[in-house]
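None of these values were measured; they are calculated from a predicted model. Counting convention: from 1, in listed order, for ligands and their atoms alike.
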Amino acid sequence: MTRTVSVLLPIPAEGAYSYAVPQDMQLAPGDHVQVPLGPRKVAAVVWDGEAGGVEPRKLRPVEAKFDCPPLSAELRRFVDWAARYTVSPPGMVLRMVLRAPGGLEPPRPETGYRFTGNVPDRMTDARRRIIELVGDGIAWSKSGLAHAAGTSASVVDGLIRLNVLEPVDLPLRPLVPPPDPQGHAPEFEPDQRGAASQLTDAAAGGFSVTLLDGVTGSGKTEVYFEAVAKALETGRQVLILLPEIALTASFLERFEKRFGARPGEWHSDVAPKRRELLWRQVATGEVRVIAGARSALFLPFADLGLIIVDEEHDQAYKQEDRVFYHARDMAVVRGQLADCPVVLASATPSVESLVNARRGRYRHLRLERRFGDAVLPEIATIDMRKTPPPRGGFIAPPLRQALAETLASGQQSLLFLNRRGYAPLTLCRVCGHRFQCPNCTTWLVEHRFRGQLQCHHCGHSEPAPQACPECGTFDHLAACGPGVERLAEEAVTLFPDARILVLSSDLMGGVRRLRLELEAIANGECDIVIGTQLVAKGHHFPLMRCVGVVDADLGLSNGDPRAAERTFQLLSQVTGRAGRIGGRSVGYLQTYQPDHPVIAAIAAGDREAFYDREIAGREAAGLPPFGRLASIIVSAATRREAESHARALRRAAPPAGGITLLGPAEAPIAILRERHRFRLLVHAGLKAGLQDFLTAWLAHGPKEQGSIRVQIDIDPQSFL
Ligand code: ADP
Ligand code: ZN
């Protein structure tokens, strides 16, 4: 009788497929296998449950089993859960687990060479130097040996041919050395010690969630390192999620200082070969700690013992393509399935996490003071209606004054504007033509330094024009509004002797350059930093004294349900870059609405006022976390197709209690990458069974066909 097995493939199918098991193969759930799919061979995973339906003899057989630790039951349940929650095919979630296919095979050992004891008949100086080096019997790699002996590889080759050297397998070098849980713990202050001891208690136990809620610079990182130490002592693995790992060189250094070794680093910038080795050594348990971007959540840990989500409020945790998921929420679920503690750290917690903490579902640890003699910056608003900047400028007199004083005292300032490029809109002063993206309904952003107009949504770019394409007039194009480049131009005029640095993701030279620039700021090699949200997050700039937010109202006007929360977090974080060690520091918010509750709460340093108001508002409106939202985005090559599909979908919605549908409406970005977009918003009560409703709806509704695509975004963060 032929045996069959259920196998989940990393493809957008509804469920697992059935395969036959060859006579001589033993398979259990979690095993990594290679199976045929049409003409292709695909790496997949033996899944739980009976293989269903098909006559076993008609099934194609599993081709091979990989020599790799099986996917744990915990991770398999996580894949199933994430698929159900995000209303995605389970295979698409599995695909995020199988990101490093080379890791399925054991790494091939490098060949080394060792001395056989034979001495060549003809001795040269080069040969003698090599023989001296290998004389102690230890094996060398070929290039290492040639290099150490100062010869070419061909001399080594010669000795191999003469059987003076023989090949052996070199032992595999560990990718990252094991961290030492003892290491160098700091002297904690009393409140830090209290929080650290509660965290280590939590880290010694099973599943729990702790919100580590402490002001910027209060020592949250040092404190949660104690939980990491505890988990390492008990022999389990640790996952630390960071929102912008590529920028967090200083985090890796701090970790090394504390534990004597760096964590494994997991993000898109890590070389593919290294990712494969890391993936495998996470699965074998050799790598003890991973610090990574959101995708690290899907790594195959052998024995996950602690998850930390640093800056848990950060939007970068939301993935918005293919499988739409929020890594912070998923981290809590993975912790539950792995029965391990989860720590969420932030100075500006998400409303969701704070509500959970206030209701006692999460343990709530507060650190209300900065470490040492550092104090939070004094915040002031600058009313742009009363003290506007001079014509053509964007820096109002009070901010200019503060910058001048900071400069005179030899300290650092930050000018924050969350807009890349020179100007967000270019128009013709003669005919009014506005430069729009050919692929999207967005304005093109001028990047003067590169001489380009760019679309920040699809990546389109074109050379900055001299004449208007509409009316042909030369030299009458006007840049409207500021971006960081334009602000830098103004700062240079105001402070010609200051060392000014512009930091945004447009910086040429990529992550490496960015890390160098951040280091330079920390070392005091510049006076005024002008940056986008890239500099607002988590960095420790010891010399920063003055932060000016050029347009504090920027995020408030876009009218989505999270605008207030997001603005509050961003402004608190960016002003929190000032005064991280000792002394007085200041933050200025340039605003046209100083009485807006968000601005007023920040100016008064009254964060509870903001949260109380925001939470009450959400509760009244039934918005998350007091209700649930899902976005459905219907896109197609033509507007007509997108709209008619969205309407047909809406008509097909089954009746359901506690669920309201809004739309379809044309999306704010009506065309994106040449695709026309319509949105539906689903608003559900907490007990309404949102996922079941969506699954049933999509199963009965009109199917995707031709160019039509339907994307589901559970708990949407973006409404564009
Ligand atoms: P947060 O993550 O809350 O913003 P950090 O953990 O980055 O705060 O701490 C801010 C700064 O204070 C860091 O340079 C950190 O090394 C230092 N620090 C915090 N607590 C201590 C301590 N107990 N002993 C020595 N340095 C500390
Ligand atoms: Zn575009």
For residues [X] and [Y], is any side-chain donor paired with an opposing acceptor at under 3.5 Å?
X      : Y      : answer
Arg448 : Gln452 : no
Ser350 : Glu312 : yes
His313 : Ser346 : yes

Enumerate the atoms of ligand 1 whose separation from the nearest heavy atom of [X] is less than 4.0 angstrom.
X      : result
Glu187 : 22 (C), 23 (N), 24 (N)
Val215 : 3 (O)
His540 : 11 (C), 14 (O)
Gly219 : 1 (P), 3 (O), 5 (P), 6 (O), 8 (O), 9 (O), 19 (C)

(Q) Strictly by side-chain hydrogen bond (donor to acceptor under 3.5 Å, both in side chains), give each pair with a member in residues 187-199 just once, sequence neighbours left out. (A)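 The answer is Glu189-Arg369.
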Q: Any side-chain hydrogen bond (donor to acceptor under 3.5 Å, both in side chains) involving residues 667-677? Give me the pairs, sequence neighbours left out, ordered by first then second residue.
A: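 Counting only pairs at least two positions apart or across chains, the side-chain hydrogen bond (donor to acceptor under 3.5 Å, both in side chains) contacts touching residues 667-677 are Ser635-Arg675.
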If you measure every N or O of [X] against every N or O of ligand 1, does any of those distances drop under 3.5 Å?
X      : answer
Pro186 : no
Thr216 : no
Lys220 : yes

Q: Assess the pair Phe435 and His433: is the distance between their ring centroids shorter than 6.0 Å?
A: yes
Q. Should one rank Gln192, Arg254, Arg193 by closest heavy-atom distance to atom 6 (O) of ligand 1, which comes out on top?
A. Arg254
Q. Who gets closest to atom 27 (C) of ligand 1 by heavy atom: Phe225, Phe188, Phe371?
A. Phe371
Side-chain heavy-atom pair [X], [Y] within 4.5 angstrom cut-off:
X      : Y      : answer
Asp213 : Leu354 : yes
Glu485 : His447 : yes
Arg679 : Ser631 : yes
Glu446 : Leu477 : no
Thr441 : Gln436 : yes

Q: Answer with side chain, backbone, both or neither: which part of Ser218 has a heavy atom less than 4.0 angstrom from an atom of ligand 1?
A: both
Q: Using a 4.0 Å heavy-atom cut-off, say whether Leu367 meets ligand 1 through its side chain, its backbone, both or neither.
A: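 No part of Leu367 is near ligand 1 at this cut-off.
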With the threshold set at under 4.0 angstrom, would you say [X] reaches ligand 1 through any of its heavy atoms?
X      : answer
Val223 : no
Gly214 : no
Arg580 : yes

Q: Output all residues satisfying side-chain contact (heavy atoms from CB on, under 4.5 Å) with Asp310, sequence neighbours left out; order by chain, then residue number.
A: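 Residues passing side-chain contact (heavy atoms from CB on, under 4.5 Å) with Asp310: Thr221, Tyr224, Leu242, Ala345.
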Q. Going through the checks in order, is the side chain to side chain contact (heavy atoms under 4.5 Å, CB included) test met by Glu320 and Ser718?
A. CA-CA 9 Å; Glu320 286 172 344; Ser718 162; 3.5 Å; yes
Q | Protein-derived N, O or S atoms lying under 2.8 Å from the Zn ion (ligand 2), waters excluded | A |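 Protein N, O or S neighbours of the Zn ion (ligand 2) under 2.8 Å, waters not counted, come to 4.
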